[in-house]
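To start, the structure under review is shown below, and the notes come after it.
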Amino acid sequence: MNPVVLSLAFAAAILASLLIKFWLATRQMRHVAAHRDAVPPAFAGRVPLEAHQKAADYTLAKLRYGIVSEAFGNAVLVCWTLLGGLAWLNGVLLSLVEPRWGAMAYQLALIGLFVLIGALLELPFDLYSVFRLEQKFGFNNTTPRLFVADLLKSTGLAIAIGGPFLALVLWIMAATGALWWIWAWGAFALFQVLAMVLGPTVIAPLFNKFEPLEDEALAARTQSLMARCGFRAKGFFVKDGSRRSAHSNAYFTGFGRSKRVVFYDTLLKRVNGDEVEAVLAHELGHFARRHIAKRVTMVLAFAFGAFALLGWLVTQTGFYVGLGVPPNMTASNNALALLLFMLALPPFLFFVTPVFASLSRRDEYEADAYARSKANAADLVRALLKLYEDNASPLTSDPLYVRFYYSHPPITARAEALGLSVAEFAGAAA
Ligand SMILES: [Zn+2]
C-alpha cells in the first residue's frame with residue numbers, strides 16, 4: 001500500500017465528509033427557519049404555534065452545536081493521525097511500558113490512554129449538551145451528581161467488559177497466525193450476542209429502573225395485544241427516562257428471552273390507552289418482521305469484511321505510515337493497527353450513511369404497516385405527534401437531509417403511508 005495515496009485519500013475523505021455534513025446542516029437550518037412561523041397545515045389544529053417554534057429553535061441550536069462538535073472531532077482526528085499525536089503517544093509507551101511489563105500491557109495501555117484522552121476531550125461537549133443546550137430548552141433532568149455517577153459507572157463498565165475483550169482480541173491477533181481475523185471476527189460475533197442478552201437485562205438496569213406497567217387495565221390491554229402478536233406477555237417495561245431528561249421514546253431490544261419493548265415513563269404520561277396500543281403494535285412489528293435478526297446479520301457481515309480488510313492492512317507498512325504512525329520495529333503493531341483502523345474508517349463510512357438510513361426507514365414503514373393491522377393507525381400518528389412535541393422534533397425537514405440521515409421517515413410520510421388523509425388525523429382532537 002502506498003502511504004502517500006492513503007494519506008491523500010484519508011484527508012480527502014475527511015474534507016469531503018465535512019463539507020457534505022456542513023452543507024446538509026445548512027440546508028436543514030434554512031428549511032426549519034423558513035417554516036418556523038407557521039405550523040404545517042396538516043397539523044394546524046393539533047400543534048400549538050408555540051410548540052412548533054420551540055421545536056424549530058431547538059433544532060437550530062442542535063444543528064449549530066453539531067457543526068462545532070463535528071469540526072472539533074475531525075480536528076482531533078487529524079491531530080491523532082496525520083499530525084503525529086498517536087505516533088507520539090506510542091513512542092512514549094513503547095519506551096516506558098513495553099520493556100518493563102511486556103507486549104500485552106503496552107498494547108492495553110496504548111488503547112486505554114487513547115480512549116481516556118478522547119473521552120476527556122469530548123467531556124466539555126457532553127457537559128455543554130446536557131447542562132446548557134438541553135437545560136435551556138427545559139429538557140434536562142440530569143443533576144451534576146447523576147452525571148458524575150453515570151460517568152463513573154460507564155467508565156467502570158468499559159474497563160470491566162471492554163478491557164478483557166480487547167485483551168482477547170489482541171491475544172488472538174498474536175497467537176492464531178495469518179487467519180487471526182476470522183477468529184477475531186468469531187469473538188466479535190460472540191460478544192455481540194452476549195451484549196444483546198446482557199445489555200437489556202443486566203447493563204441497562206444499572207442506569208435505569210425498568211418496571212412492569214402499574215395501571216392494571218392498561219397492563220391487561222398490552223398483554224392481550226402481545227398475545228395476539230405471539231409475543232411473550234412479560235416483555236413490556238416502563239423505563240424511568242425522566243431521571244435524566246424530559247424527552248420521550250419507546251423502543252424494542254434483545255432477542256430470545258431478553259426480548260422486550262420499553263416505554264419511557266415520559267411517553268406513558270402523555271398518551272392514552274389506544275395510543276399505547278398503537279405504539280406497542282409498532283414495536284412488536286419490528287420483532288414480527290425480524291428486524292433485529294436482520295440488523296445483526298448485517299452488522300456481522302459488515303464486520304467480517306472489516307476484519308478481513310484489517311487482516312491485510314496489519315501487514316502493510318504503508319497503512320501505518322500513511323496514517324501518520326511509523327510502525328514499531330521490534331514490538332507488536334497490533335494495537336496500533338486496531339486504533340488506526342478505528343480512526344480511519346468513519347470518514348470513509350460516512351458516504352454510506354444514506355444507505356443504512358434508507359434501510360432503517362424501510363423497516364419503520366414495515367413496522368407501521370404491521371401496527372395498522374393490529375391497532376388503530378390514527379392513534380399511532382397521534383402518539384407520534386406527542387413524541388415529536390416531547391422531543392421538539394421539526395414537523396417538516398429538508399428532503400435531502402431526511403434522505404441522508406433520518407432513521408425514521410418524517411411523520412407526514414408515515415401518516416400518508418398509513419393511508420391517513422390529513423383531515424383524518426388533524427381533525428378530531430384526542
Ligand atoms: Zn420503529
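We count ligands from 1, going down the list as the structure has it; atoms in each ligand are counted the same way.
For Glu364, the N, O or S atom with the smallest separation from the Zn ion (ligand 1) is OE1. Taking the N/O/S atoms of His282 in turn, the shortest distance to the Zn ion (ligand 1) belongs to NE2.
A donor-acceptor contact closer than 3.5 angstrom links the side chains of Ser242 and Asp265.
Proximity of a side-chain donor or acceptor of Asn74 to a complementary backbone N or O of Glu70 within less than 3.5 Å is detected.
When ring centroids are compared, Phe319 and Trp312 stay outside the 6.0 Å threshold.
Distances from the Zn ion (ligand 1) show that Glu283 has no N/O/S atom below 2.8 Å.
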List the steps and the verdict of side-chain hydrogen bond (donor to acceptor under 3.5 Å, both in side chains) for Asn140 and Gln135. CA-CA 5 Å; Asn140 180 43; Gln135 187 84 34; 2.8 Å; yes

